[in-house]
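Lettering of chains follows the sequences in order, A, B, ..., and the numbering in each one begins at 1. Values below: every heavy atom of this structure, side chains too, minus hydrogens, waters and symmetry copies.
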There are 2 protein chains.
Amino acid sequence: MDKFKQFLKNIAAITDHELADTLSFFTEKNLQKGDFFVKSGKVCQYAAFIMKGTLRTFYINDKAQETTSCFCIENNFTTSYKSFILQQPSNLFIQAIEYTELLVIDYNNLQKLYKSSPTWQNIGRTVAEQEYIVMEKYASVMNNETAKEKYLRLLREQPNVIKKAPVEDIASYLGVTRRTLSRIRQQISK
Amino acid sequence: MDKFKQFLKNIAAITDHELADTLSFFTEKNLQKGDFFVKSGKVCQYAAFIMKGTLRTFYINDKAQETTSCFCIENNFTTSYKSFILQQPSNLFIQAIEYTELLVIDYNNLQKLYKSSPTWQNIGRTVAEQEYIVMEKYASVMNNETAKEKYLRLLREQPNVIKKAPVEDIASYLGVTRRTLSRIRQQISK
DNA sequence: AACATTTGAGGACATTTGTCCTTTACGACA
DNA sequence: TGTCGTAAAGGACAAATGTCCTCAAATGTT
(Lines give C-alpha, C1' and ligand atoms only; values in the text may rest on other atoms or scores of the structure.)
Protein backbone atom coordinates (compact mmCIF):
# COMPACT_ATOMS: atom_id res chain seq x y z
CA MET A 1 0.00 0.00 0.00
CA ASP A 2 2.86 2.34 0.77
CA LYS A 3 4.13 1.76 -2.76
CA PHE A 4 0.86 3.06 -4.14
CA LYS A 5 0.93 6.14 -1.92
CA GLN A 6 4.43 6.89 -3.10
CA PHE A 7 3.35 6.38 -6.73
CA LEU A 8 0.59 8.98 -6.29
CA LYS A 9 2.82 11.43 -4.48
CA ASN A 10 5.30 11.29 -7.33
CA ILE A 11 2.54 12.38 -9.71
CA ALA A 12 0.93 15.18 -7.75
CA ALA A 13 1.07 16.85 -4.36
CA ILE A 14 -1.56 14.92 -2.47
CA THR A 15 -2.00 15.25 1.27
CA ASP A 16 -2.17 12.26 3.60
CA HIS A 17 -5.64 13.41 4.52
CA GLU A 18 -6.78 13.38 0.88
CA LEU A 19 -5.16 9.99 0.44
CA ALA A 20 -6.96 8.51 3.44
CA ASP A 21 -10.28 9.79 2.08
CA THR A 22 -9.79 8.34 -1.37
CA LEU A 23 -8.09 5.00 -0.77
CA SER A 24 -11.47 3.50 0.10
CA PHE A 25 -12.36 3.81 -3.60
CA PHE A 26 -9.72 1.22 -4.40
CA THR A 27 -10.05 -2.50 -3.80
CA GLU A 28 -7.56 -5.35 -3.83
CA LYS A 29 -7.71 -7.95 -6.56
CA ASN A 30 -5.48 -10.99 -6.90
CA LEU A 31 -4.83 -12.92 -10.08
CA GLN A 32 -3.44 -16.41 -10.53
CA LYS A 33 -1.04 -17.19 -13.37
CA GLY A 34 -3.04 -17.20 -16.60
CA ASP A 35 -5.99 -15.20 -15.22
CA PHE A 36 -7.18 -12.28 -17.31
CA PHE A 37 -7.47 -8.74 -15.97
CA VAL A 38 -8.99 -7.54 -19.26
CA LYS A 39 -10.43 -9.46 -22.19
CA SER A 40 -10.75 -8.25 -25.76
CA GLY A 41 -14.32 -7.45 -26.73
CA LYS A 42 -15.33 -6.40 -23.22
CA VAL A 43 -15.31 -2.86 -21.84
CA CYS A 44 -12.43 -2.40 -19.43
CA GLN A 45 -14.06 -1.29 -16.18
CA TYR A 46 -10.93 -1.02 -14.07
CA ALA A 47 -7.60 0.71 -13.85
CA ALA A 48 -5.01 -0.98 -11.67
CA PHE A 49 -1.86 -0.34 -9.74
CA ILE A 50 0.37 -3.42 -9.66
CA MET A 51 1.59 -4.16 -6.15
CA LYS A 52 3.20 -7.48 -7.00
CA GLY A 53 3.55 -9.66 -10.10
CA THR A 54 3.70 -9.30 -13.86
CA LEU A 55 1.04 -8.79 -16.53
CA ARG A 56 1.26 -9.16 -20.27
CA THR A 57 -0.76 -6.93 -22.60
CA PHE A 58 -1.43 -8.35 -26.04
CA TYR A 59 -3.80 -8.27 -28.95
CA ILE A 60 -4.72 -10.56 -31.80
CA ASN A 61 -4.24 -9.11 -35.24
CA ASP A 62 -5.93 -9.74 -38.60
CA LYS A 63 -3.67 -12.71 -39.23
CA ALA A 64 -4.78 -14.26 -35.93
CA GLN A 65 -1.34 -13.74 -34.40
CA GLU A 66 -0.89 -12.66 -30.82
CA THR A 67 1.25 -9.57 -30.46
CA THR A 68 2.56 -8.63 -27.05
CA SER A 69 2.59 -4.87 -26.68
CA CYS A 70 3.78 -4.58 -23.11
CA PHE A 71 4.95 -6.39 -20.01
CA CYS A 72 3.76 -4.54 -16.91
CA ILE A 73 5.61 -5.05 -13.66
CA GLU A 74 5.06 -3.98 -10.08
CA ASN A 75 4.88 -0.33 -9.03
CA ASN A 76 3.22 0.57 -12.32
CA PHE A 77 -0.20 1.53 -13.44
CA THR A 78 -2.01 -0.60 -16.02
CA THR A 79 -5.33 -0.78 -17.81
CA SER A 80 -6.63 -1.13 -21.33
CA TYR A 81 -6.38 2.63 -21.45
CA LYS A 82 -8.32 3.37 -24.62
CA SER A 83 -11.15 1.06 -23.61
CA PHE A 84 -11.21 2.51 -20.10
CA ILE A 85 -11.26 6.15 -21.23
CA LEU A 86 -13.89 5.70 -23.89
CA GLN A 87 -15.74 2.89 -22.09
CA GLN A 88 -15.74 0.97 -25.34
CA PRO A 89 -14.89 -2.70 -25.91
CA SER A 90 -11.20 -3.39 -25.50
CA ASN A 91 -9.05 -4.68 -28.34
CA LEU A 92 -6.45 -5.77 -25.81
CA PHE A 93 -6.09 -8.68 -23.46
CA ILE A 94 -4.25 -8.22 -20.18
CA GLN A 95 -3.18 -11.46 -18.55
CA ALA A 96 -1.17 -12.33 -15.44
CA ILE A 97 1.90 -14.37 -16.33
CA GLU A 98 2.46 -15.13 -12.64
CA TYR A 99 0.61 -14.61 -9.36
CA THR A 100 -0.26 -10.91 -9.22
CA GLU A 101 -1.71 -8.50 -6.66
CA LEU A 102 -3.54 -5.39 -7.86
CA LEU A 103 -5.16 -2.33 -6.39
CA VAL A 104 -8.07 -1.47 -8.68
CA ILE A 105 -10.56 1.34 -9.13
CA ASP A 106 -13.59 1.18 -11.37
CA TYR A 107 -14.48 3.80 -13.95
CA ASN A 108 -17.41 5.32 -12.06
CA ASN A 109 -15.47 5.73 -8.85
CA LEU A 110 -12.63 7.38 -10.72
CA GLN A 111 -15.08 9.85 -12.28
CA LYS A 112 -16.33 10.59 -8.75
CA LEU A 113 -12.78 11.29 -7.63
CA TYR A 114 -12.27 13.59 -10.61
CA LYS A 115 -15.39 15.53 -9.70
CA SER A 116 -14.69 15.67 -6.01
CA SER A 117 -11.14 16.96 -6.17
CA PRO A 118 -8.90 19.08 -8.39
CA THR A 119 -5.97 16.99 -7.16
CA TRP A 120 -7.47 13.90 -8.70
CA GLN A 121 -8.29 15.81 -11.87
CA ASN A 122 -4.65 16.75 -12.01
CA ILE A 123 -3.58 13.12 -11.43
CA GLY A 124 -5.92 12.00 -14.24
CA ARG A 125 -4.48 14.46 -16.72
CA THR A 126 -0.91 13.75 -15.73
CA VAL A 127 -1.47 10.02 -16.10
CA ALA A 128 -2.94 10.67 -19.57
CA GLU A 129 0.13 12.67 -20.52
CA GLN A 130 2.45 10.03 -19.11
CA GLU A 131 0.62 7.28 -20.95
CA TYR A 132 1.07 9.30 -24.12
CA ILE A 133 4.78 9.64 -23.48
CA VAL A 134 5.16 5.93 -22.70
CA MET A 135 3.32 5.05 -25.90
CA GLU A 136 5.49 7.44 -27.91
CA LYS A 137 8.64 5.90 -26.47
CA TYR A 138 7.28 2.43 -27.25
CA ALA A 139 6.51 3.38 -30.85
CA SER A 140 9.94 4.93 -31.21
CA VAL A 141 11.71 1.86 -29.85
CA MET A 142 9.66 -0.50 -31.99
CA ASN A 143 10.44 1.48 -35.10
CA ASN A 144 14.10 2.22 -34.59
CA GLU A 145 15.67 -0.66 -32.83
CA THR A 146 16.49 -4.03 -34.27
CA ALA A 147 15.08 -7.11 -32.58
CA LYS A 148 18.49 -7.70 -30.98
CA GLU A 149 18.62 -4.18 -29.57
CA LYS A 150 15.09 -4.55 -28.26
CA TYR A 151 16.04 -7.83 -26.60
CA LEU A 152 19.07 -6.24 -24.93
CA ARG A 153 16.87 -3.36 -23.78
CA LEU A 154 14.38 -5.79 -22.25
CA LEU A 155 17.25 -7.62 -20.57
CA ARG A 156 18.45 -4.31 -19.13
CA GLU A 157 15.13 -2.71 -18.19
CA GLN A 158 12.98 -5.70 -17.26
CA PRO A 159 15.32 -8.67 -16.70
CA ASN A 160 12.70 -10.60 -14.74
CA VAL A 161 10.38 -10.58 -17.70
CA ILE A 162 12.89 -12.58 -19.70
CA LYS A 163 12.93 -15.19 -16.95
CA LYS A 164 9.18 -15.30 -16.43
CA ALA A 165 7.64 -14.94 -19.89
CA PRO A 166 7.62 -17.78 -22.45
CA VAL A 167 9.72 -17.43 -25.61
CA GLU A 168 6.62 -17.09 -27.75
CA ASP A 169 5.55 -13.92 -25.91
CA ILE A 170 8.98 -12.33 -25.88
CA ALA A 171 9.33 -12.97 -29.62
CA SER A 172 5.97 -11.34 -30.32
CA TYR A 173 7.00 -8.39 -28.17
CA LEU A 174 10.16 -8.02 -30.26
CA GLY A 175 8.18 -8.40 -33.48
CA VAL A 176 10.02 -11.52 -34.67
CA THR A 177 9.46 -15.26 -34.72
CA ARG A 178 10.68 -17.70 -32.11
CA ARG A 179 13.32 -18.86 -34.56
CA THR A 180 14.82 -15.39 -34.81
CA LEU A 181 14.74 -14.94 -31.04
CA SER A 182 16.63 -18.21 -30.76
CA ARG A 183 19.27 -16.84 -33.14
CA ILE A 184 19.50 -13.59 -31.16
CA ARG A 185 20.10 -15.50 -27.94
CA GLN A 186 22.73 -17.60 -29.69
CA GLN A 187 24.56 -14.46 -30.84
CA ILE A 188 24.46 -12.89 -27.39
CA SER A 189 25.72 -15.99 -25.60
CA LYS A 190 28.95 -15.85 -27.61
CA MET B 1 -11.02 29.96 -39.36
CA ASP B 2 -14.39 28.23 -39.50
CA LYS B 3 -12.57 24.92 -39.80
CA PHE B 4 -10.84 25.58 -36.51
CA LYS B 5 -14.09 26.52 -34.78
CA GLN B 6 -15.63 23.30 -36.00
CA PHE B 7 -12.59 21.34 -34.82
CA LEU B 8 -13.02 22.74 -31.30
CA LYS B 9 -16.76 22.21 -31.26
CA ASN B 10 -16.23 18.55 -32.12
CA ILE B 11 -14.04 18.19 -29.04
CA ALA B 12 -16.11 20.02 -26.43
CA ALA B 13 -19.25 22.09 -26.11
CA ILE B 14 -17.84 25.57 -26.47
CA THR B 15 -20.08 28.60 -26.92
CA ASP B 16 -19.58 31.16 -29.68
CA HIS B 17 -19.05 33.71 -26.95
CA GLU B 18 -16.24 31.68 -25.37
CA LEU B 19 -14.75 31.13 -28.79
CA ALA B 20 -14.74 34.83 -29.60
CA ASP B 21 -12.98 35.55 -26.30
CA THR B 22 -10.26 32.99 -26.82
CA LEU B 23 -9.47 33.18 -30.52
CA SER B 24 -7.34 36.23 -29.86
CA PHE B 25 -4.85 33.92 -28.14
CA PHE B 26 -4.12 32.27 -31.49
CA THR B 27 -2.05 33.78 -34.26
CA GLU B 28 -1.57 32.88 -37.90
CA LYS B 29 1.75 31.50 -39.08
CA ASN B 30 2.66 30.57 -42.64
CA LEU B 31 5.43 28.21 -43.69
CA GLN B 32 7.12 27.84 -47.06
CA LYS B 33 8.07 24.39 -48.36
CA GLY B 34 11.04 23.18 -46.32
CA ASP B 35 10.50 25.56 -43.39
CA PHE B 36 10.59 24.04 -39.92
CA PHE B 37 7.76 24.42 -37.41
CA VAL B 38 9.79 22.59 -34.75
CA LYS B 39 13.46 21.70 -34.59
CA SER B 40 15.02 18.91 -32.56
CA GLY B 41 16.95 20.20 -29.56
CA LYS B 42 14.74 23.22 -29.05
CA VAL B 43 11.73 23.43 -26.75
CA CYS B 44 8.52 23.39 -28.74
CA GLN B 45 6.72 26.60 -27.77
CA TYR B 46 3.67 26.21 -29.97
CA ALA B 47 0.79 23.94 -30.71
CA ALA B 48 -0.83 24.38 -34.12
CA PHE B 49 -4.00 23.78 -36.01
CA ILE B 50 -3.31 23.16 -39.72
CA MET B 51 -5.60 25.26 -41.91
CA LYS B 52 -3.88 24.37 -45.17
CA GLY B 53 -0.86 22.33 -46.25
CA THR B 54 1.10 19.29 -45.10
CA LEU B 55 3.74 18.80 -42.43
CA ARG B 56 6.13 15.91 -41.88
CA THR B 57 7.19 14.88 -38.39
CA PHE B 58 10.48 13.02 -38.16
CA TYR B 59 13.40 12.26 -35.91
CA ILE B 60 16.98 11.20 -36.36
CA ASN B 61 17.92 7.97 -34.65
CA ASP B 62 21.20 6.62 -33.24
CA LYS B 63 22.25 5.42 -36.68
CA ALA B 64 21.79 8.94 -38.05
CA GLN B 65 18.80 7.88 -40.12
CA GLU B 66 15.74 10.06 -40.51
CA THR B 67 12.52 8.32 -39.55
CA THR B 68 9.22 9.86 -40.51
CA SER B 69 6.67 9.26 -37.79
CA CYS B 70 3.74 11.17 -39.20
CA PHE B 71 2.38 13.21 -42.06
CA CYS B 72 -0.01 15.86 -40.76
CA ILE B 73 -2.62 17.30 -43.08
CA GLU B 74 -5.14 20.11 -42.86
CA ASN B 75 -7.91 20.17 -40.24
CA ASN B 76 -5.62 18.50 -37.73
CA PHE B 77 -3.77 19.52 -34.66
CA THR B 78 0.01 19.17 -34.51
CA THR B 79 2.90 19.90 -32.19
CA SER B 80 5.91 18.12 -30.76
CA TYR B 81 3.56 17.01 -28.05
CA LYS B 82 5.99 15.63 -25.51
CA SER B 83 8.25 18.66 -25.81
CA PHE B 84 5.29 21.01 -25.59
CA ILE B 85 3.77 19.35 -22.51
CA LEU B 86 7.00 19.05 -20.59
CA GLN B 87 8.59 22.20 -22.05
CA GLN B 88 11.72 20.18 -22.69
CA PRO B 89 13.87 20.07 -25.83
CA SER B 90 12.14 18.27 -28.69
CA ASN B 91 13.52 15.11 -30.22
CA LEU B 92 11.34 15.68 -33.24
CA PHE B 93 11.52 17.89 -36.27
CA ILE B 94 8.32 19.14 -37.88
CA GLN B 95 8.77 20.47 -41.39
CA ALA B 96 6.41 21.77 -44.06
CA ILE B 97 6.61 19.69 -47.22
CA GLU B 98 4.57 22.32 -49.08
CA TYR B 99 3.22 25.81 -48.42
CA THR B 100 1.32 25.59 -45.14
CA GLU B 101 -0.94 27.87 -43.08
CA LEU B 102 -1.17 27.37 -39.33
CA LEU B 103 -3.12 28.79 -36.41
CA VAL B 104 -0.75 28.64 -33.43
CA ILE B 105 -0.93 29.18 -29.67
CA ASP B 106 2.06 29.39 -27.40
CA TYR B 107 2.49 27.38 -24.22
CA ASN B 108 1.93 30.23 -21.79
CA ASN B 109 -1.24 31.39 -23.46
CA LEU B 110 -2.60 27.86 -23.43
CA GLN B 111 -1.91 27.61 -19.69
CA LYS B 112 -3.83 30.87 -19.28
CA LEU B 113 -6.76 29.38 -21.18
CA TYR B 114 -6.63 26.28 -18.97
CA LYS B 115 -6.76 28.43 -15.85
CA SER B 116 -9.43 30.77 -17.12
CA SER B 117 -11.93 28.16 -18.22
CA PRO B 118 -13.04 24.63 -17.39
CA THR B 119 -14.03 24.27 -21.05
CA TRP B 120 -10.43 24.72 -22.10
CA GLN B 121 -9.25 22.36 -19.36
CA ASN B 122 -11.63 19.83 -20.80
CA ILE B 123 -10.32 20.46 -24.31
CA GLY B 124 -6.75 20.02 -23.04
CA ARG B 125 -7.47 16.70 -21.43
CA THR B 126 -9.49 15.43 -24.35
CA VAL B 127 -6.70 16.36 -26.75
CA ALA B 128 -4.24 14.47 -24.50
CA GLU B 129 -6.48 11.41 -24.58
CA GLN B 130 -6.92 11.69 -28.34
CA GLU B 131 -3.20 12.04 -28.87
CA TYR B 132 -2.73 8.90 -26.80
CA ILE B 133 -5.24 7.04 -28.93
CA VAL B 134 -3.64 8.26 -32.17
CA MET B 135 -0.23 7.16 -30.91
CA GLU B 136 -1.62 3.76 -29.89
CA LYS B 137 -3.14 3.29 -33.33
CA TYR B 138 0.14 4.33 -34.94
CA ALA B 139 2.12 1.85 -32.84
CA SER B 140 -0.38 -0.88 -33.62
CA VAL B 141 -0.22 -0.24 -37.37
CA MET B 142 3.56 -0.06 -37.37
CA ASN B 143 3.81 -3.35 -35.52
CA ASN B 144 1.18 -5.37 -37.27
CA GLU B 145 1.08 -4.37 -40.86
CA THR B 146 3.62 -5.21 -43.51
CA ALA B 147 5.24 -2.37 -45.42
CA LYS B 148 2.92 -3.14 -48.34
CA GLU B 149 -0.17 -2.95 -46.15
CA LYS B 150 1.05 0.31 -44.66
CA TYR B 151 1.61 1.71 -48.15
CA LEU B 152 -1.90 0.73 -49.20
CA ARG B 153 -3.28 2.31 -46.02
CA LEU B 154 -1.43 5.55 -46.77
CA LEU B 155 -2.75 5.46 -50.31
CA ARG B 156 -6.26 5.05 -48.93
CA GLU B 157 -6.14 7.45 -45.97
CA GLN B 158 -3.76 10.16 -47.18
CA PRO B 159 -3.44 9.82 -50.96
CA ASN B 160 -2.11 13.35 -51.36
CA VAL B 161 0.86 12.54 -49.14
CA ILE B 162 2.01 9.94 -51.65
CA LYS B 163 1.96 12.59 -54.36
CA LYS B 164 3.61 15.33 -52.31
CA ALA B 165 6.25 13.56 -50.21
CA PRO B 166 9.54 12.28 -51.68
CA VAL B 167 10.14 8.52 -51.85
CA GLU B 168 12.80 8.77 -49.16
CA ASP B 169 10.28 10.09 -46.60
CA ILE B 170 7.54 7.63 -47.48
CA ALA B 171 10.01 4.75 -47.18
CA SER B 172 11.13 5.93 -43.74
CA TYR B 173 7.49 6.24 -42.71
CA LEU B 174 6.91 2.64 -43.77
CA GLY B 175 10.08 1.51 -42.01
CA VAL B 176 11.79 0.17 -45.12
CA THR B 177 14.43 1.32 -47.59
CA ARG B 178 13.75 3.08 -50.87
CA ARG B 179 14.62 -0.13 -52.67
CA THR B 180 11.85 -2.02 -50.88
CA LEU B 181 9.34 0.75 -51.51
CA SER B 182 10.26 0.54 -55.18
CA ARG B 183 9.51 -3.19 -55.10
CA ILE B 184 6.18 -2.57 -53.33
CA ARG B 185 5.13 -0.07 -56.00
CA GLN B 186 6.14 -2.53 -58.69
CA GLN B 187 3.98 -5.25 -57.12
CA ILE B 188 0.98 -2.96 -56.82
CA SER B 189 1.18 -1.69 -60.38
CA LYS B 190 0.69 -5.23 -61.66
C1' DA C 1 10.08 -43.21 -10.90
C1' DA C 2 8.14 -43.45 -15.55
C1' DC C 3 5.74 -41.48 -18.97
C1' DA C 4 3.43 -37.82 -21.50
C1' DT C 5 3.32 -33.05 -22.60
C1' DT C 6 5.15 -28.68 -23.18
C1' DT C 7 8.94 -25.58 -24.22
C1' DG C 8 13.32 -23.97 -26.12
C1' DA C 9 17.27 -24.67 -29.38
C1' DG C 10 18.73 -25.04 -33.71
C1' DG C 11 19.29 -27.29 -38.87
C1' DA C 12 17.88 -26.63 -43.89
C1' DC C 13 15.93 -24.20 -47.28
C1' DA C 14 12.88 -20.44 -49.25
C1' DT C 15 11.66 -15.78 -49.14
C1' DT C 16 12.26 -11.12 -48.07
C1' DT C 17 14.89 -7.13 -47.46
C1' DG C 18 19.13 -4.43 -47.58
C1' DT C 19 23.29 -2.68 -49.94
C1' DC C 20 25.48 -0.97 -53.76
C1' DC C 21 25.20 0.38 -58.07
C1' DT C 22 23.51 1.74 -62.84
C1' DT C 23 19.94 3.43 -65.73
C1' DT C 24 15.99 6.14 -66.68
C1' DA C 25 12.77 9.99 -66.11
C1' DC C 26 11.75 14.53 -64.93
C1' DG C 27 12.13 19.40 -63.83
C1' DA C 28 14.95 23.78 -63.48
C1' DC C 29 17.32 27.03 -65.83
C1' DA C 30 20.41 29.22 -69.07
C1' DT D 1 15.86 23.43 -76.70
C1' DG D 2 19.71 21.38 -74.67
C1' DT D 3 22.09 19.98 -70.55
C1' DC D 4 22.65 19.76 -65.85
C1' DG D 5 21.18 18.06 -61.56
C1' DT D 6 18.06 15.62 -58.78
C1' DA D 7 14.83 11.90 -57.89
C1' DA D 8 12.82 7.41 -58.85
C1' DA D 9 13.24 2.69 -60.76
C1' DG D 10 15.33 -1.41 -60.84
C1' DG D 11 19.47 -5.21 -61.45
C1' DA D 12 22.70 -8.26 -58.78
C1' DC D 13 24.30 -10.14 -54.89
C1' DA D 14 24.63 -10.53 -49.71
C1' DA D 15 22.48 -10.71 -45.35
C1' DA D 16 18.59 -11.33 -42.44
C1' DT D 17 14.35 -13.48 -41.37
C1' DG D 18 10.57 -16.82 -41.87
C1' DT D 19 8.83 -21.57 -42.41
C1' DC D 20 8.98 -26.17 -41.36
C1' DC D 21 11.00 -29.45 -39.04
C1' DT D 22 13.61 -32.40 -35.49
C1' DC D 23 15.74 -33.12 -31.15
C1' DA D 24 16.74 -32.32 -26.39
C1' DA D 25 15.61 -30.44 -22.01
C1' DA D 26 12.32 -29.14 -18.66
C1' DT D 27 7.91 -29.64 -16.54
C1' DG D 28 3.73 -31.89 -15.10
C1' DT D 29 1.03 -36.10 -14.00
C1' DT D 30 -0.10 -40.51 -12.28
For [X] and [N], what is the distance between atoms [atom1] and [atom2] respectively, to the nearest whole Å?
X: B:Ile162; N: D:dA7; atom1: CD1; atom2: C1'; value: 16 Å
X: A:Glu149; N: D:dA16; atom1: CD; atom2: P; value: 13 Å
X: B:Gln186; N: D:dA8; atom1: CD; atom2: C1'; value: 12 Å
X: A:Ile184; N: D:dT17; atom1: CD1; atom2: C1'; value: 10 Å
X: B:Glu168; N: D:dT6; atom1: CD; atom2: C1'; value: 13 Å
X: B:Lys150; N: C:dT16; atom1: NZ; atom2: P; value: 16 Å
X: B:Leu174; N: C:dT16; atom1: CG; atom2: P; value: 17 Å
X: A:Lys164; N: D:dT27; atom1: NZ; atom2: P; value: 16 Å

- Without hydrogens or angle criteria, can the side chains of A:Thr68 and A:Ser172 be said to hold a donor-acceptor pair below 3.5 Å? yes
Quiz item: Are B:Asn143 and A:Tyr138 close enough that a side-chain donor and a side-chain acceptor fall under 3.5 Å?
Solution: yes
B:Phe93 backbone acceptor or donor facing B:Ser40 side chain under 3.5 Å
no
ask   = Quick check: does any side chain N or O of A:Glu74 sit under 3.5 Å from a backbone N or O of A:Ile50, one acting as donor and the other as acceptor?
value = no
Using a strict 4.0 Å threshold on nitrogen-to-oxygen distance, state whether A:Asp2 and A:Lys9 make a salt bridge. no
Among the nucleotides D:dA8, C:dG18, D:dG18, whichever has the atom closest to the side chain of B:Pro166 is D:dA8
Comparing nearest nucleotides in DNA chain C, the 5'-proximal residue of the pair A:Leu181, B:Arg183 is A:Leu181
Walking DNA chain C from its 5' end, the first of B:Gln187 and B:Arg178 to be reached, judged by nearest nucleotide, is B:Gln187
Does B:Thr177 have a side-chain nitrogen or oxygen under 4.0 Å from the phosphate oxygens OP1 or OP2 of C:dG18?
yes
message: For D:dA9 and B:Arg185 - does any side-chain N or O of the residue sit under 4.0 Å from the phosphate oxygens OP1/OP2?
response: yes
Heavy-atom nearest nucleotide on DNA chain D taken for B:Ala165 and for A:Arg179; more 5' hit belongs to B:Ala165
Sugar-phosphate only, base, or nothing, as touched by A:Ser182 at under 4.0 Å among non-hydrogen atoms:
base
